[in-house]
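If you're wondering where the values come from, they're calculated on a predicted model, not measured in any experiment. Order of the sequence lines fixes the chain letters, A, B, ..., with proteins taken first and strands second; residue numbering starts at 1 for each chain.
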Amino acid sequence: MPAWPGVPLPRSFYDRDPLVVAPELLNKVLASSSGRAGRIVEVEAYRGDIDPAAHTYRGKTARNATMFGPPGFMYVYFTYGMHWCCNTVCEAEGQGSGVLLRALEPIAGIEQMRSARARVKRDQELCSGPARLTQAMGIAGAQNGIDLVSAQQGFSVLDDGIAPPENLVGTARIGISRGMEHLWRWYVPGNVNVSKR
DNA sequence: TTAGAGATGATC
DNA sequence: ATCATCTCTAAG
């Protein structure tokens, strides 16, 4: 029983500039074999070559190695001493670019999400932030480097026929201190699951 | 409803 | 010292 009906995005979807991939990921579905799924409603693009806010800007390290790998894999990193965040790797191997998933609209397995985030009161608090959604979906360090295209390792990004919003406008990314000039954050307008300011 | 600060540890 | 964050607490 799949978490949600849909077709996994092909490798070629990810093998493009993250500035193109990020807005197209809106309204796609992040699904887990555990039965949990959420619609992607907020994303940010990061580009290793020209983006001082990207983890990959200063070259390859043990931590960011996944993001320098082939497209369509999941880069998961640990930050602020307690949080995990989840990206999709983009462009060809060696580029070091990706898309940070910042918020989901919960659509399946909501009871499991609540178990993973017991303090939460409203559904819209379950996945409305990059570290919240990894908690709710059960994503942590063990998921760094898994293949989202083959969907053989428990997670995939699905197209279920819902198109991205039209007339999107990029906004400033959240929580960074450099690269502020790049307006590389996109979200589904009006969706209550988008992270708060 | 909003603002401020603590938590907590890997990274470079 | 910084960090692609969250949550609690106190004040308004």
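Contacts of A:Glu125 classified as side-chain hydrogen bond (donor to acceptor under 3.5 Å, both in side chains), with partners at least two apart in sequence or in another chain: A:Arg122.
Residue A:Arg102 is in sugar-phosphate contact alone, with no base atom involved, counting any heavy-atom pair closer than 4.0 Å across all strands shown. Using a 4.0 Å heavy-atom cutoff across all strands shown, A:Leu100 reaches at least one base atom of the nucleic acid.
Here A:Met67 contributes atom CE and A:Lys60 contributes atom NZ; the two are 13.0 Å apart, rounded to the nearest 0.5 Å.
Summary of the strand contacts: A:Gly129 and A:Arg178 both lie near DNA chain C, and taking for each the nucleotide with the nearest heavy atom, the more 5' one is attributed to A:Arg178.
Side-chain contact between A:Leu25 and A:Phe13 is present, with heavy atoms from C-beta onward closer than 4.5 Å.
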Problem - Secondary structure string for DNA chain B (Watson-Crick or G-U under 3.5 angstrom, | for other-strand pairs) - result: |||||||.|||.
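Of the candidates C:dT7, C:dA4, B:dA7, the closest approach to any side-chain atom of A:Asn87 belongs to C:dA4. Checked against B:dT8, B:dC12, C:dC6, the side chain of A:Arg132 finds its nearest nucleotide in C:dC6. With C:dT5, C:dT7, C:dA4 as the choices, the nucleotide that has an atom nearest any side-chain atom of A:Arg117 turns out to be C:dT7.
If you measure from atom CD of A:Glu44 to atom P of C:dA4, you get 10 Å, rounded to the nearest angstrom.
Using a 30° and 60° split on the angle between ring planes, A:Tyr75 and A:His55 fall in the perpendicular class, above 60°.
Put simply, A:His55 has a side-chain N or O that comes within less than 4.0 Å of OP1 or OP2 on C:dA4.
Between the P atoms of B:dG6 and C:dA1, the separation comes to 16 Å (whole Å).
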